[in-house]
Every structure is written in C-alpha cells, then in structure tokens.
Amino acid sequence: MNAKERIMQRLHAALDGNRPDLAQTLAERERLLAGTAPRPQWSEDTEARFLDRLSAAAASHEFVESREALASRAIAFLGDLPVRKLRIAPHELLRGLDWPADWEVKQGVGGETDWPAAITVAEAGVAETGTLVLPSGPETPSSLNFLPDYHLVVLRQGSILPYLEDVWPRLREKALPRMVNLITGPSRTADVEQTIQLGAHGPRSLHVLILRES
C-alpha cells in the first residue's frame, strides 16, 4: 500500500460514522425541489412584502403608469443632478423614450466609466428580501448596475415573486445568463467604526420604477 492509499484509507475510516444516509439525502433533495422546505412566511401580499423589504434595505420606489412615462419619472427623481449625464440599458423597455434635450443620454456602457446615473431593467423582484434580479446580457450590461452613483431600475409589477427559488424556473425559460446580479439596496459598508456608509463599493442610491401592467 502506497502513501496515497494509506491516506485515503484513514479518511474513509474517519468519515465512515458520519456519512449521510443516502435515502435521507435524496428525500431532502426532493423536499427542496418540491418547495416544501421551511421558508419565511408573512401576512401581507407579495407586493406589499417586497416594498417593505425594499424600504428596509434603504432603497426607494415609485409606481409608473406607462412605459412612455419612464423617462420623465426617472429625470424627476434625479432632479438637479449637477452633471446631467445618464446611461441607459439597451433594453426594449427603454428604447425610443423621450429624454430631455438638456440631458446627455447614451445607451450601453461605451468607453466611459464616470457617468453619475444609470437606468437598467430587472428580470424580477424577490419579496422575501426586497432583492432585484438582474441577469447579464446584451440588453442588461452588468457595469450599469455598479458604476453610477445613482442607479434606477425598472421592474414590471407582475415580475415580483415571493421567493428566490421562484426566480430560477423563470430564468430557465430563456437561455440562462452567464451571470445573475442579486441587488438588495444601495451599496454599503460598516467597516469604519461600524457606521453604515452608502455608496462604498457601488451606487449610493437605488430607486425602483415599478411599471404597472394593463
């Protein structure tokens, strides 16, 4: 018996009494897949829970009645931003909107990294935690989620789901993205004297434009 075999023999001997029962493991897997694992419960409806968790994560929101109104509501939120530059995701919901002439509005990422504000589109919202789900792709470049100080996100009202587990079947209906960004509130840290600082590693402000659907 060589050294490798002796090491493996010792490992098997040490783990022998702690191996999970195969039937139990399979049963647990089936329980998770069936959605019967213990999960947080709440009394309000899914949308109310999402808005409550969104607020608790230091994000803001408003309802927008139509796609055409997205531009005016976004600009109204940004207000008197000293540098009037906005990057927008090349998403179908944001195409052809009427942006003010005194704003420099560009699609996609381009070669710049210093724009103060960006607007993107979320695939879903998660009521359990107030999280936004933003998959990467040609219409949703991930850089726009992290580089600006002010991040605005369009979320369809019907895309608010109860739990994170509910997101994956929705994503699998399309081609799975290379990356999925889960964003819960603006960037923050408490590394310095345990004091919360917003905008430490990304946007200091997160505002969700919830698009009502007819």
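What you see below is based on every heavy atom in this structure, not just the backbone, and it leaves out hydrogens, waters and symmetry mates. All of these numbers come straight from a predicted model, not from anything done at the bench.
Side-chain contact between Leu164 and Leu182 is present, with at least one heavy-atom pair separated by less than 4.5 Å.
Criterion: ILVMFWY side-chain heavy atoms under 4.5 Å apart, direct or through other members. Under it, Leu81 and Ile88 are part of a common hydrophobic cluster. Leu176 and Leu134 fall into different hydrophobic clusters, defined by Ile, Leu, Val, Met, Phe, Trp and Tyr side-chain heavy atoms under 4.5 Å apart, directly or through other members. Side-chain heavy atoms closer than 4.5 Å link hydrophobic residues (I, L, V, M, F, W, Y) into clusters, and following such links, possibly through other members, connects Val154 to Val64. Hydrophobic clustering of Ile, Leu, Val, Met, Phe, Trp and Tyr side chains at less than 4.5 Å, counting indirect connections, unites Val121 with Leu209.
At least one donor-acceptor pair closer than 3.5 Å links the side chain of Ser72 to the backbone N or O of Ala69. Looking at Gln41, its side chain does come within 3.5 Å of a backbone N or O of Arg39 through a donor-acceptor pair.
Across every non-hydrogen atom of Pro135 and Pro177, the tightest pair is CB-CG, 3.6 Å. The minimum heavy-atom distance linking Ala122 with Val153 is given by the pair CB-CG1, 3.6 Å. Taking both residues in full, the closest heavy atoms of Gly125 and Leu155 are given as N-CD1, 3.6 Å, listed atom of the first, atom of the second, then distance. Minimum interatomic distance between Ala57 and Thr184 (heavy atoms only, all atoms of both residues): CB-CG2, 3.9 Å. Ser143 approaches Pro148 most closely through the heavy-atom pair O-CD, 4.1 Å. Scanning both residues, Ser136 and Ser142, for their nearest heavy atoms gives CB-OG, 3.4 Å.
The closest side-chain donor-acceptor pair between Ser159 and Arg170 falls under 3.5 angstrom.
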Side-chain donor-acceptor contacts of residues 100-111 below 3.5 Å, not counting sequence neighbours, with atom names and distances?
from, atom 1, to, atom 2, distance (Å)
Asp102, OD2, Arg84, NH1, 2.6
Glu104, OE2, Lys106, NZ, 3.3
Lys106, NZ, Glu112, OE2, 3.0

Please list, one pair per line, the donor and acceptor atoms closer than 3.5 Å that link side chains of residues 89-97 to other protein atoms, with sequence neighbours excluded.
from, atom 1, to, atom 2, distance (Å)
His91, ND1, Leu93, N, 3.1
Arg95, NH2, Pro90, O, 3.2
Arg95, NH2, Glu139, OE2, 2.8

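The distance from atom CG of Leu144 to atom CG of Leu152, rounded to the nearest 0.5 Å, is 11.5 Å. Atom CD in Glu123 sits 12.0 Å away from atom CG in Leu132 (nearest 0.5 Å). Taken to the nearest 0.5 Å, the CD1 atom of Ile75 stands 11.5 Å off from the CG atom of Leu70. Once rounded to the nearest 0.5 Å, the distance linking OG1 of Thr140 with CG of Asn145 reads 8.0 Å. Rounding to the nearest 0.5 Å places CZ of Phe63 at 5.0 Å from CG of Leu51. Atoms CD1 and CZ, on Ile119 and Phe77 in that order, are 11.0 Å from each other to the nearest 0.5 Å.
Sorted by first and then second residue, the ring-ring contact (aromatic ring centres under 6.0 Å, His included) pairs with a member in residues 147-169 read Trp42-Tyr163; sequence neighbours excluded. Screening residues 58-71 for salt bridge (Lys or Arg N to Asp or Glu O under 4.0 Å), with sequence neighbours left out, gives Glu62-Arg73, Glu65-Arg212.
In this structure Ser60 satisfies the side-chain hydrogen bond (donor to acceptor under 3.5 Å, both in side chains) test together with His207, sequence neighbours excluded. For Glu128, the salt bridge (charged side-chain N to carboxylate O under 4.0 Å, His left out) criterion is met by no residue, not counting sequence neighbours.
Paired with Asp166 under the rule side-chain contact (heavy atoms from CB on, under 4.5 Å), one option of Thr46, Ile160, Leu161, Val126 passes, and it is Leu161.
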